[in-house]
J.: 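Sharing a structure here in structure tokens format.
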Number of protein chains: 2
Amino acid sequence: MDDFESLRIFVCVAEELSVTGAARRLGKSPSNVTTKLQKLEANLGAELLVRTGKRISLSHAGEAFLDYAAKLLSLRAESMHVVSGGRTPGTIRIGSMEATAASRLPDFLASFNTAFPAVRLELGTGPSMKLMDDVRSGRLDCAFLAIPPSFLDSALSDRLEVLDLVFQDAWEESLVLLSPRGIADQQDSTVRTLAAFPPGCTYRRIAEETLNIPESDDWTIQETSSYHVMVALASTGRCVTVLPESVLGTMKIPETLISTPLRRVKTQVTWRKGYGTPAFDQFLGHLSGTDFG
Amino acid sequence: MDDFESLRIFVCVAEELSVTGAARRLGKSPSNVTTKLQKLEANLGAELLVRTGKRISLSHAGEAFLDYAAKLLSLRAESMHVVSGGRTPGTIRIGSMEATAASRLPDFLASFNTAFPAVRLELGTGPSMKLMDDVRSGRLDCAFLAIPPSFLDSALSDRLEVLDLVFQDAWEESLVLLSPRGIADQQDSTVRTLAAFPPGCTYRRIAEETLNIPESDDWTIQETSSYHVMVALASTGRCVTVLPESVLGTMKIPETLISTPLRRVKTQVTWRKGYGTPAFDQFLGHLSGTDFG
DNA sequence: ACTTTTCATTTCCAAATAGAGAATATCATG
DNA sequence: CATGATATTCTCTATTTGGAAATGAAAAGT
């Protein structure tokens, strides 16, 4: 492998799965892209791409190398950003729970962006546990997540120190139970289905604990992929669901549904101990200076 | 920053603190080195080196960038090694306790090296806790260390799972107390000085626990930097010391010293979960196939 | 079945870049 | 003050890069 340009080209081709597409996106001629790819493969002594006719796809080695290439590129960008003291544009890769991305982040990120237009923001969502993992491994720079209260009681509060992660309280969410009208008393409800995100979601976990779902086996869980689906399912009257009040505020809720407060849960930001690029410091500063009511 | 060649040059210059020296080591002309450095600095928009007269030293930014450069280079080497399926030469960065490096590793590494001459080995020593940290952060690929038994009893056995590290038993060391002759009973010894490595060393910790040093404050600890010094100090009759029997076997011990068994301690190898380059797989295989009696 | 379009690759040429050597400037040292 | 060591600048050549057009080959359209 020779230079970073080749890596950028390869990553681009791998994303587009097209030489011409990548060439267009990079403002280069296709011939250039082809040649660079060939040289890269020659230097690595391995086929990165499988050419079947005129379509291309990633080989096994290509998949593996794509990981490395992405890591190398982001590490280089970070190094340039840090060394230049922030003059070079920085990127912040943010992870967040679905709920946070839906309710709190849009405004906040917009405000941060106007304050620091030079900083590029990348946002992805996932369950809290995966977020923590992604921050630890460096795939994310920071994440907004919630630690299940049951974890905090247990020995995990101890464990968190050992993760090399720093946690900082951001704000509190008020978790509410959304149920079809006429079922005020949750425990006695005849509805025994919970619509929730896949396992790993902290709010789902809290919902399960509060409703004693693990112990009683007459509950079924309907897994969904978005809050809109969750509300839609609840609207049918066949299930209840749990979500933060702030998310509720961003949606139109049918009259047939009523919400009852469940409990409050802290949202925290986490990042690797010692991680501090100029861009990220600005981000944290902006976060502290923002009031989330 | 442009290509990896510039990084290699910069790292080399930073190590030699000399342009001509680096040029010689890299088989390049000094002019080439100078030009590359200047271009690198121009691209980064920061001074990496401080030129005071004809001597050069690293600037603050240079120090920071050196870290990144080293990381980028080793990541590139790893990617090439992995992608080529092991045909490209691989490197294994091994960390180990002082004791292991002195007794078990020389033979083992030699035997591994003859079996797999293509794999480059790097070895550094440090206290167990630092080793764990270095493996986690990727500065090391694996480490030979000992977990204090008191940790295993406590909640830490739990914690270890969460570190994303894999642990594997390698062998057991027999820890012995080395004391001046005539002080068979350790507890009643008039000698109240322990020669040991700085804090962080597991064997020191075990020694402290066994001798009840934390509780009784009439002990003093003499910190040393090598087993030879430890034995030399004990030879004077003024202190006792604790070390593995296997280390003892590599040294000439004066007649005035006697050793009494203390306890057995497991040595473990650890590496990041999911880390597996061809070279490292061979290393682990060779380790499993070796008998350490 | 034949043409057209789309795409990757190859060829060719001009421009940029890298790299060695000689010359220069600058600082230590005897 | 001269000498030797060292970084840098300059200059010239070999190599590499990268785009335009040509080629070939596979889908898509008729």
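Because the structure is predicted, anything quoted here is derived from the model rather than measured. Residue numbers begin at 1 in each chain, while the letters A, B, ... track the order of the sequences.
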J.: May I ask you to say what B/Arg55 touches in the nucleic acid, namely base, sugar-phosphate or nothing, with a heavy-atom cut-off under 4.0 Å?
T.: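 No contact at all - B/Arg55 keeps every heavy atom at 4.0 Å or more from the nucleic acid.
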
J.: Under 3.5 Å, is there a donor-acceptor pair between the side chain of A/Arg139 and the main chain of A/Lys71?
T.: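 No, because the side chain of A/Arg139 does not come within donor-acceptor range (under 3.5 Å) of the backbone of A/Lys71.
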
J.: For A/Tyr227 and A/Glu98, test the side chains for any donor-to-acceptor distance below 3.5 angstrom and give the result as yes or no.
T.: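 Per modelled atom types, A/Tyr227 and A/Glu98 side chains form no pair under 3.5 Å.
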
J.: Taking the six-membered ring for Trp, are B/Phe10 and B/Phe65 parallel (under 30°), tilted (30 to 60°) or perpendicular (over 60°)?
T.: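 Geometry flag for B/Phe65 against B/Phe10: tilted rings.
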
J.: Do A/Ser96 and A/Thr100 pair up side chain to side chain, a donor and an acceptor below 3.5 Å, judged on atom types alone?
T.: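 Not at all, the side chains of A/Ser96 and A/Thr100 share no donor-acceptor pair under 3.5 Å.
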
J.: Classify the angle between the aromatic ring planes of A/Phe144 and A/Phe108 as parallel (below 30°), tilted (30 to 60°) or perpendicular (above 60°).
T.: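 Perpendicular: the ring planes of A/Phe144 and A/Phe108 meet at over 60°.
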
J.: I need a per-nucleotide contact map over nucleotides 16-22 of chain C, read 5' to 3'. Cutoff is protein heavy atoms under 4.0 Å; write B for the base, S for backbone only, - otherwise.
T.: --SSBB-

J.: In this structure, how many angstroms lie between the P atom of D/dT8 and the CD atom of B/Glu41, rounded?
T.: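 About 9 Å, once rounded to whole Å.
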
J.: Is A/Lys28 salt-bridged to A/Glu5, cutoff N-O under 4.0 Å?
T.: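 Salt bridge between A/Lys28 and A/Glu5, a charged N being under 4.0 Å from a carboxylate O: yes.
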
J.: For the pair A/Glu78 and A/Arg272, find out whether any cationic side-chain nitrogen is under 4.0 Å from an anionic carboxylate oxygen.
T.: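 Salt bridge between A/Glu78 and A/Arg272, a charged N being under 4.0 Å from a carboxylate O: no.
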
J.: Between B/Arg24 and A/Thr52, which has a closest nucleotide on DNA chain D that is more 5'?
T.: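 Final value for this comparison: B/Arg24.
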
J.: What is the distance, rounded to the nearest whole Å, between atom CD1 of B/Ile56 and atom C1' of D/dT6?
T.: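 Rounded to the whole Å, the gap is 10 Å.
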
J.: Give me the residues of residues 10-19 of chain B where at least one heavy atom lies under 4.0 Å from an atom of DNA chain D, by number, or none.
T.: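 Those residues are B/Ser18, B/Val19.
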
J.: Under 4.0 Å, heavy atoms only, any strand: does B/Thr20 hit a base, just the sugar-phosphate, or nothing?
T.: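 It contacts sugar-phosphate atoms only.
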
J.: Could you tell me whether the phosphate oxygens of D/dA7, OP1 or OP2, come under 4.0 Å of any side-chain nitrogen or oxygen in B/Gln38?
T.: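 No, because none of the side-chain N or O atoms of B/Gln38 sits under 4.0 Å from OP1 or OP2 of D/dA7.
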
J.: Would you say a side-chain N or O of A/Arg51 is under 4.0 Å from OP1 or OP2 of C/dA8?
T.: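 No, because none of the side-chain N or O atoms of A/Arg51 sits under 4.0 Å from OP1 or OP2 of C/dA8.
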
J.: Would B/Arg25 and B/Glu15 pass as an ion pair if we require N to O under 4.0 Å?
T.: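 Yes, B/Arg25 and B/Glu15 are salt-bridged.
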
